[in-house]
Structure formats: C-alpha cells, structure tokens
Amino acid sequence: MPRILVDLAPLRASRDFRLLFCGQLVSMLGNQVTIVAVAFQVYHLTGSTLQVGAVSLVQLPLLVGGSLVGGTVGDVVDKRKMLAWSALALAIVTSLIAVNATLAHPSLVAIYVLTAITSGLAGFSNPARNSAIPSLVPRELLIAAYSLNQVTIQIATVLGPALGGILAAVNLPVAYGLDAASFLAIFAATSAMSPIPASGQTRRPGIRAILDGFSYLRGHQVLQGVYLLDLNAMILGMPSALFPAFALHRFHGGAATVGLLFAAPGFGALIGAFTTGWVEVIRRRGRAVVIAVVVWGLAIAAFGAVSVLWASVLLLGIAGWADVISAVLRNTILQTSIDESFRTRMSSFQMAVVQGGPRLGNFEAGAVAAISTPAISAISGGLGCAIGALLLAWRLPRFVAADAHTAD
C-alpha cells in the first residue's frame with residue numbers, strides 16, 4: 001500500500017540511517033519519560049500550573065542559545081562526533097536530576113537549573129541530527145526519511161509518557177535514571193556511523209556565522225513560513241502544561257491519567273507517521289501545512305471544551321495526527337530549499353522553533369489558566385492558533401504556493 005503506509009526504503013538503503021533511527025528511538029523514549037516525570041513532580045511539589053509552565057519557559061534561553069551555537073558548529077565539524085559527545089553530556093546531567101529526586105526534600109531550583117541545562121545540550125545537538133539526514137539518504141527519499149524520523153518521535157511520545165506516568169507514580173529516580181541510560185543508545189549508534197563531514201564552505205563557528213544564517217533567512221519567504229507556522233501552532237495551541245490540572249481535577253485521575261493525556265497526541269501522530277505514504281504525492285505542500293495547523297488548533301480548542309476522558313484523548317489524537325503531517329512536510333520543504341553550507345544553521349533555527357515554541361506555549365497556557373481556567377486556556381489557544389495560521393497564509397503567499405519543486 002505505497003500510497004498509504006510509510007515508505008521503509010530509507011531503512012533498507014542506508015546503514016547509517018538505520019543506526020540513527022534506532023539510537024534516536026531509544027533516546028527519545030527516555031526523554032519523554034522525563035518530560036512527564038518533571039511535570040508531575042513540579043505539580044506535586046507546588047500545585048501550580050504556572051510553575052509547570054515556568055519550568056518549560058526557563059529552559060528556553062539555553063535551548064535557543066544551544067541550538068544557534070550548535071547550528072554553526074554542525075556546519076563545520078563531523079556531525080557524528082557532535083551527536084555522540086552531546087549524548088554523553090546529556091546522560092551526566094540527567095543523572096543529576098535523578099539524584100535530586102532521591103532527596104527527602106527535592107530541590108525545585110535544581111529541577112529548574114538541570115532541566116534548563118539538558119535543554120541547552122539537546123538544542124546544541126538536535127540541528128546536527130536533523131540536518132544529517134539529507135547526507136544519509138538520496139533526495140527522492142527525503143519525505144520517507146523524515147516520515148520515519150517522525151515514527152521514532154511518535155513511538156516515543158506514545159510509549160514514553162505512558163511509562164513516565166507509571167514510573168512517576170512509583171519511583172521518580174528510576175524514571176529519570178532510565179532517561180540517563182537511554183542517552184547511551186544514541187552515543188553507541190552515532191559512534192558506529194560513518195563520518196558526516198562538513199561541506200567545507202562555511203566560516204568558523206561564532207556570532208558572525210549565526211548572523212550570516214539570519215541574513216540568509218531574510219527574504220526567503222518559504223523558509224520563514226516553515227518557522228512561523230510552527231511557532232503559531234506551538235505558542236498558541238500547546239496545552240501540555242494543562243494536562244496535570246485536567247487529569248487531577250476534570251477527570252479525577254492521577255499520574256497515570258497525566259501520562260495518558262501526554263501520550264494521546266503522540267498516539268495520533270504515530271498513526272499519522274505510519275500512514276504517510278500518501279503525503280509523498282502532495283503537490284501543494286505549503287497549503288497542506290496550513291490546513292494541518294488549522295486542524296491542530298481546532299482539535300485543541302475542542303479538547304478544552306469536552307469533559308469526557310475518551311473524547312479528550314480522541315481529540316488530542318486528531319491534533320497529533322495533524323501535527324505529524326505538518327512536521328513531515330515542513331522538514332521536507334526546509335531541507336529541499338537550503339543551500340548545503342547553511343543546512344545545519346537553518347536546522348538550528350528550526351530546532352529552536354520546534355523545541356522552544358512548545359515551552360513558550362506551555363508558559364502561555366499555564367499563565368492563562370492561572371488567571372482564568374484550564375478550559376478557557378485550551379479553547380482560546382486552539383482558536384487563536386487556527387486564526388493565526390490563516391493570517392500567516394494570507395501574509396506568506398509564496399509559502400502557501402510551495403510545491404514539490406519549490407526552491408525558495
């Protein structure tokens with residue numbers, strides 16, 4: 001069923017892509033466990049949705065800074081070594097989060113600081129991982145490769161939160177320790193890969209290289225659309241900071257219900273990722289991204305309005321399905337529109353958006369919920385996301401017109 005199911009050709013064609021796929025899957029499973037564990041622990045310690053959102057917000061400066069620096073480094077060094085050593089550093093810092101959780105009175109400050117450091121390290125390495133994929137597979141397999149990349153992400157976001165919810169209720173240090181151990185998988189996988197050298201056309205890392213990247217972005221409306229559509233969706237329509245409050249108060253559940261809500265978007269996205277074969281035949285890719293973001297926003301708004309757990313899980317699943325379609329198309333549009341010497345820097349901007357946007361969105365959702373209700377926060381954010389996507393489509397006609405042959 002080549003028009004429906006995800007294309008496995010990149011796994012057959014490239015040993016290095018198989019290694020990256022497997023290592024990333026294990027590592028992301030551990031990371032999702034920690035995301036749920038941190039949200040549950042902070043809410044347990046403080047009882048505040050604002051604090052849950054604030055933890056995400058504090059991570060943002062180091063994440064963005066790490067991503068920008070990593071983008072300039074990844075354009076001039078062997079990406080394989082960069083990924084391997086970053087994984088070891090992440091294992092060490094996550095182990096410290098586990099140690100803090102063993103204390104009789106865990107430090108909230110330590111949670112803020114250590115999770116911010118892990119975000120900075122992840123921001124540093126993620127652009128190299130994303131921009132390495134075009135070097136591992138032929139151009140005609142890029143949609144399939146980024147679809148498989150989404151499969152790893154979504155398997156992790158389904159199984160990880162469910163496991164995280166159980167472990168958070170039983171033993172937080174074990175939850176964090178599992179994440180620390182998972183980084184060894186990506187270290188082993190990337191160490192076994194062939195070198196991924198730089199293009200040899202880029203100045204040395206630094207502020208000048210970052211500024212060159214922004215200059216390259218200016219005037220490239222297709223690339224701007226990739227970033228702005230995702231920022232709109234994540235800042236206005238990201239409800240995960242609300243999940244502990246919804247689980248405990250609306251659905252009268254506990255840590256397992258928190259994990260279920262975290263897992264629901266990932267489950268929908270997993271179904272979407274496994275059935276992306278049809279995405280390869282989409283010609284108007286920019287327009288499809290806009291439609292997907294509108295669907296995401298409307299589903300989140302509906303989630304805020306319903307009070308039945310199964311309906312909420314279904315709506316979050318629909319949102320996740322729309323998000324993965326958007327992500328596959330945005331990645332493909334981005335990587336086929338970039339000059340090779342700017343590839344990792346443009347990927348670093350994308351990583352800053354992909355990982356920074358949800359943190360801003362969590363803070364926005366938590367803050368709105370703190371001054372109103374979680375339901376109002378989810379409904380207003382989802383509707384704002386849908387409206388914002390339509391406004392961006394109006395202002396960025398070249399992005400909307402982007403197709404399989406566009407090179408901005």
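In what follows, residues are counted from 1 in the order of the sequence shown.
- No side-chain donor-acceptor contact under 3.5 Å links Thr46 and Gln51.
- Taking the side chain as every heavy atom from C-beta outward, Leu68 and Phe349 approach each other to under 4.5 Å.
- Between Leu136 and Met193, the closest side-chain pair of non-hydrogen atoms falls below 4.5 Å.
- With no hydrogens or angles considered, a side-chain donor-acceptor pair links Asn149 and Gln24 at under 3.5 Å.
- To the nearest 0.5 angstrom, Arg330 atom CZ is 11.5 Å from Ile325 atom CD1.
- Here the CD atom belonging to Glu140 is positioned 10.5 Å from the CG atom belonging to Asp7, to the nearest 0.5 angstrom.
- Of all the heavy atoms in Ala305 and Arg250, the pair that sits closest is C-NH1, 4.3 Å.
- Proximity of Ile143 to Arg285: side-chain heavy atoms (C-beta onward) are separated by under 4.5 Å at one or more points.
- The aromatic rings of Phe246 and Phe303 lie tilted to each other, with the angle between the two planes from 30° to 60°.
- When all heavy atoms of Pro239 and Leu316 are compared, the closest pair comes out as CG-CD2, 4.5 Å.
- Contact between Ile333 and Gly286 at its shortest, heavy atoms only, is CD1-N, 4.0 Å.
- Side-chain contact, Asn100 with Ser107: no donor N or O sits under 3.5 Å from an acceptor N or O.
- Side-chain contact, Ser347 with Gln335: a donor N or O sits under 3.5 Å from an acceptor N or O.
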- Message: Val73 vs Thr344, test: side chain to side chain contact (heavy atoms under 4.5 Å, CB included). Steps then yes/no.
- Response: CA-CA 8 Å; Val73 173; Thr344 311; over 6 Å; no
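- Nearest heavy atoms, Phe274 versus Val151: CZ-CG1, 3.8 Å.
- Separating the CH2 atom in Trp296 from the CG atom in Asp230 is a distance of 9.5 Å, to the nearest 0.5 Å.
- Taken from OG1 in Thr118 to CZ in Phe183, the straight-line distance is 7.0 Å, to the nearest 0.5 Å.
- Counting all heavy atoms, side chain and backbone alike, Gln41 lies closest to Pro106 at NE2-CB, 3.6 Å.
- With hydrogens and angles left out, the side-chain atoms of Ser125 and Ser86 include no donor and acceptor closer than 3.5 Å.
- The shortest distance between side-chain heavy atoms of Ser48 and Tyr43 does not fall below 4.5 Å.
- Residues Asn331 and Gln150 meet the side-chain proximity criterion, which asks for heavy atoms closer than 4.5 Å.
- No donor-acceptor distance shorter than 3.5 angstrom exists from the side chain of Arg80 to the backbone of Ile196, with no hydrogens or angles considered.
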- Item | From CA spacing to verdict: side chain to side chain contact (heavy atoms under 4.5 Å, CB included), Leu178, Leu167 | CA-CA 10 Å; Leu178 180 65; Leu167 290 177; 4.1 Å; yes
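- By the 4.5 Å heavy-atom criterion applied to side chains, Gln224 and Leu217 are counted as neighbours.
- Atom-to-atom distance recorded for Leu83:CG and Asn126:CG is 8.5 Å, nearest 0.5 angstrom.
- Note: Phe21 and Phe17 have tilted aromatic rings, judged against thresholds of 30 and 60 degrees for the angle between ring planes.
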- Task: Evaluate the criterion side chain to side chain contact (heavy atoms under 4.5 Å, CB included) for residue pair Phe251 and Leu261; output intermediate values, then yes/no.
- Result: CA-CA 11 Å; Phe251 304 122; Leu261 293 179; 4.3 Å; yes
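- Of the candidates Leu229, Val324, Val289, Val289 is the only one forming a side chain to side chain contact (heavy atoms under 4.5 Å, CB included) with Leu329.
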- Test side chain to side chain contact (heavy atoms under 4.5 Å, CB included) on Leu334 and Tyr227 and set out the steps. CA-CA 9 Å; Leu334 180 69; Tyr227 304 136; 3.4 Å; yes
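- Counting heavy atoms from C-beta outward, Leu20 and Asp16 have side chains that stay 4.5 Å or more apart.
- The closest side-chain heavy-atom distance from Ile300 to Cys385 is not below 4.5 Å.
- Note that CD1 of Ile92 and CD1 of Ile97 are 13.0 Å apart. Values are rounded to the nearest 0.5 Å.
- Atom CZ of Phe267 sits in a sparse spot, with 12 or fewer heavy atoms from other residues, nucleotides or ligands closer than 6.0 Å.
- The two residues Leu141 and Pro10 make their nearest non-hydrogen contact at O-CG, 3.9 Å.
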